[in-house]
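Just below is one structure, and these are the notes that go with it.
Proteins get letters first, then strands, A, B, ... in listed order; numbering begins at 1 in each.
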Amino acid sequence: MRITHNSAVGPRVRFAPSPTGYLHVGGARTALFNWLYARRHRGTFVLRIEDTDVQRSSADMVTGILEGLRWLGLDWDEGPEVGGPRGPYFQSGRLDRYRAAAARLVAEGHAYYCYCSPERLRDEREKAEARGEAWQYDRACLNLAPERIAELEAVAAPRAIRFKVPSTHTAFEDIVHGRIAFDPRSIEDFVVLRSDNHPTYHLSVVVDDVEMGITHVIRGDDHISNTPKHLLLFEALGVTPPTFAHVPLILGADKKRLSKRHGATSVTEYRRQGYLPAAMVNFLALLGWSPGDDRELLSVAELVDSFSLEGISGGNAVFNVEKLEWMNGQYIARLPAGELAGAVEPFLADAGLPVPRDRGWFHRLLDLLRPRAKRLTDFAELARPFLVDTVEYEPHAVEKHLDAPDVGAHVAALAAALRTTDPFDEPHVEATVRGTAAERGVKAGVLIHATRVAVTGRTTSPGLFEVLVLLGRERSVARLERLVNFLATRRAGRVS
RNA sequence: GUCCCCAUCGUCCAGAGGCCGAGGACGCGGCCCUUUCAAGGCCGAAACCCGGGUUCGAAUCCCGGUGGGGACGCCA
């Protein structure tokens, strides 16, 4: 049997979410950095599901996370649904390995059994807290007498396994932060295997990173303080630790860790709000990282090409939704019409609007609307007048533009003129509108605004001539005539 | 409280001792374009946290302070 040594080919990185929640934008960015690093260096991107917390993990969450990653275009080389030579990729399927590792640590004197009750530990912590101090495990079980152990075992007392933290000085070179050192005395003898025989995060993450041949650990800043524990574990297991790169956290506008109260935090939510995956990726990439120059709009290929861990900033970053919106608008403006159509369709459907069967016409409509859209959801409202049979007149539009004298007559005249405008294209339609206004002695604006209300029901829309042409002669004329009727009956109503 | 990380415009970044009288982007203000709304173009306001060093010279290096964040679980 041949062992594949991918590390010789390129770096192996991993994204290891725990399915206790949806895919958070912070997690997505961590995944993105890992992915970019793997792609940049022709390495391997591994996806591993950390579901050792059986209580809080769920299969639905796994599905959601996978969907989120796929939507962003972050494909994994090894992991759920694609498999790979270093599986299983769910920690729940690797329990025996963690138990074996824990047993080995005990056998080799790096860990010991701990029979302390959770209640006692909790009490000690509370007491210490009351004194304003932090409590560290007191090693009560480190040197239990053999007889005592025999007693405890005889009654099958629950036992956990704790790592015996050596006094070795733990320091490491972090790619984004430089050298980070911890005083080993500040690290307690942490549990590696719970009394229910399940590993803690520290054990599973290290065992997996070893067995999966991970060369670079790119993860959130919040793991810095866990790193010395991991380092110690790697050492006890006799393995050279991977290289670490701790990326800063994403904060909300109040500089607190981004959470639900700041608004949307899940990738799925942004997707629903009408953001394009490419914009999301671009934006996330620039949160805490920069290519080193002033480029803002970078394609995935460009990101891959310029990504480097050294370019990651050390400070936390505030999630700036306004910039995301702007960026999304930029991507909407540039997306090929065909792709934009596909992206917009579900949002039209959600709004109860029909998707035009004439693709060419649909594309022209989209081209008219796109400079006005920041999110895909905007298209529903923007497109409504073009997709419904009868437009509704917005009250303020009626007030603002239909009260001028003789508006009805002007509009009627335009309707008549438009019947014979040939060809019915922008230059000719514009000439007709302006000509009609001139003939009737009103400023073009008056007629234009009234006409806009007639065909869209609103005070704002894309350029009126483009709108008329896109709607076509029949619909345009019909809408103008309908407005004439509307004004007539409205006046009648007022008189009586 | 202890340990760790961080510190340039409101926000995201550029800046790795002289090129910085600090550059880009979002947002904001103004002007232009214009039938409205956008988009676009141009212009503008806006920052090196404070105090000590080191150096001929510091946004850049060192120390301290302050501020912000994170971690202190048989959660991950």
- Message: Can you tell me which nucleotide in B:rC74, B:rC5, B:rA76 comes closest to the side chain of A:Thr52?
- Response: B:rA76

- Item | Atom-to-atom span, NE2 of A:His230 to P of B:rC4 - whole angstrom | 18 Å

- Strand-adjacent residues in residues 273-293 of chain A, judged by heavy atoms under 4.0 Å from RNA chain B: A:Leu286, A:Leu287, A:Gly288, A:Ser290, A:Gly292

- Task: Would you indicate what A:Arg125 reaches in the nucleic acid, counting non-hydrogen atoms under 4.0 angstrom: base, sugar-phosphate, or nothing?
- Result: sugar-phosphate

- A:Arg434 has a side chain; which of B:rC6, B:rU35, B:rC12 sits nearest to it? B:rU35

- A:Arg334 has an atom CZ; how far is it from atom P of B:rA39, in whole Å? 13 Å

- Side chain of A:Leu121 only, please: which of B:rU36, B:rU35, B:rC74 is the nearest? B:rC74

- Item | Minimum-distance nucleotide to A:Lys255 side chain [options: B:rU11, B:rC72, B:rC74] | B:rU11

- Message: Below the 4.0 Å mark, does B:rA76 have OP1 or OP2 next to a side-chain nitrogen or oxygen of A:Arg48?
- Response: no

- P gap between B:rG65 and B:rG29, integer Å: 42 Å

- Could you work out the separation of B:rA58 and B:rG51 based on their C1' atoms and round it to a whole Å? 15 Å

- Message: Could you tell me how far B:rG24 sits from B:rU8 if I compare only their C1' atoms? Round to whole Å.
- Response: 13 Å

- Quick one: the side chain of A:Ser313 and the base of B:rC13, do they pair up donor-acceptor inside 3.5 Å? no

- Letter per nucleotide, 5' to 3', of nucleotides 25-31 of chain B [B base touched, S only sugar-phosphate touched, - untouched; heavy atoms, 4.0 Å]: BBS----

- Query: Quantified in whole Å, what is the C1' atom distance between nucleotide B:rC75 and nucleotide B:rC63?
  - Reply: 39 Å

- Can you tell which of B:rA76, B:rG73, B:rC5 lies closest to the side chain of A:His223? B:rA76

- Run the side-chain contact (heavy atoms from CB on, under 4.5 Å) check on A:His401 and A:Val407 step by step: do they pass? CA-CA 9 Å; A:His401 296 304; A:Val407 178; over 6 Å; no

- Message: So, applying side chain to side chain donor-acceptor pair (under 3.5 Å) with A:Arg219, which one of A:Thr30, A:Asn226, A:Thr227, A:Asn34 is it?
- Response: A:Thr227

- Message: Any salt bridge linking A:Asp254 with A:Lys256? Criterion: basic side-chain nitrogen under 4.0 Å from a carboxylate oxygen.
- Response: no

- Note on the structure: Counting primed atoms, P, OP1 and OP2 as sugar-phosphate and everything else as base, the B/S/- map of nucleotides 41-51 of chain B against protein heavy atoms under 4.0 Å is -----------

- With the threshold set at 4.0 Å, does a side-chain nitrogen-carboxylate oxygen contact exist between A:Arg384 and A:Glu381? yes

- Quick note, A:Val318 side chain, CB onward, closest among B:rC12, B:rC74, B:rA71 is B:rC12

- Query: If we take the P atom in both B:rG10 and B:rA45, what is their distance in whole Å?
  - Reply: 14 Å

- side-chain contact (heavy atoms from CB on, under 4.5 Å) between A:Asp378 and A:Arg372: does it pass, once the steps are laid out? CA-CA 8 Å; A:Asp378 293 339; A:Arg372 294 163 177 81; over 6 Å; no

- Message: Within residues 405-414 of chain A, which residues have any heavy atom lying less than 4.0 Å from an atom of RNA chain B?
- Response: none

- Message: For RNA chain B, which residues of residues 438-457 of chain A approach it to below 4.0 angstrom with any heavy atom?
- Response: A:Ile448, A:His449, A:Arg452

- Can you tell me the distance, in whole Å, between the CG atom of A:Asp221 and the P atom of B:rA76? 20 Å

- Message: Heavy atoms only, 4.0 Å cut-off, all strands: where does A:Ala181 land among base, sugar-phosphate and nothing?
- Response: sugar-phosphate

- Task: Describe, in one word, how the ring planes of A:Tyr37 and A:His216 are oriented to each other, choosing from parallel (under 30°), tilted (30 to 60°) and perpendicular (over 60°).
- Result: tilted

- Span that lies between the C1' atom of B:rG21 and that of B:rA25, in whole angstrom: 23 Å

- Item | Nucleotide B:rC74, atom P - distance to CG of A:Asp196 in whole Å | 12 Å

- Query: What is the distance from NE2 of A:His401 to C1' of B:rU35, rounded to the nearest Å?
  - Reply: 9 Å

- Message: Which residues in residues 187-194 of chain A have a heavy atom closer than 4.0 Å to any atom of RNA chain B?
- Response: A:Glu188, A:Val191, A:Arg194

- Between A:Phe244 and A:His246, what is the ring plane arrangement, given parallel below 30°, perpendicular above 60°, and tilted in between? parallel

- Message: Measuring only the P atom in each nucleotide, how far is B:rC49 from B:rA59? A whole number of Å is fine.
- Response: 10 Å

- Query: In whole angstrom, what separates A:Asn226's CG from B:rC4's P?
  - Reply: 15 Å

- Between atom CG of A:Leu348 and atom CZ of A:Phe379, what is the distance when rounded to the nearest 0.5 Å? 9.0 Å

- Message: Can you check the distance between B:rC50 and B:rU66, where both ends of the measurement are the C1' atom (answer in whole Å)?
- Response: 7 Å

- A:Arg162 has a side chain; which of B:rC4, B:rA76, B:rC74 sits nearest to it? B:rC74

- Message: So if I take every side-chain heavy atom of A:Arg372 and compare against B:rA76, B:rA39, B:rU36, which nucleotide ends up nearest?
- Response: B:rU36

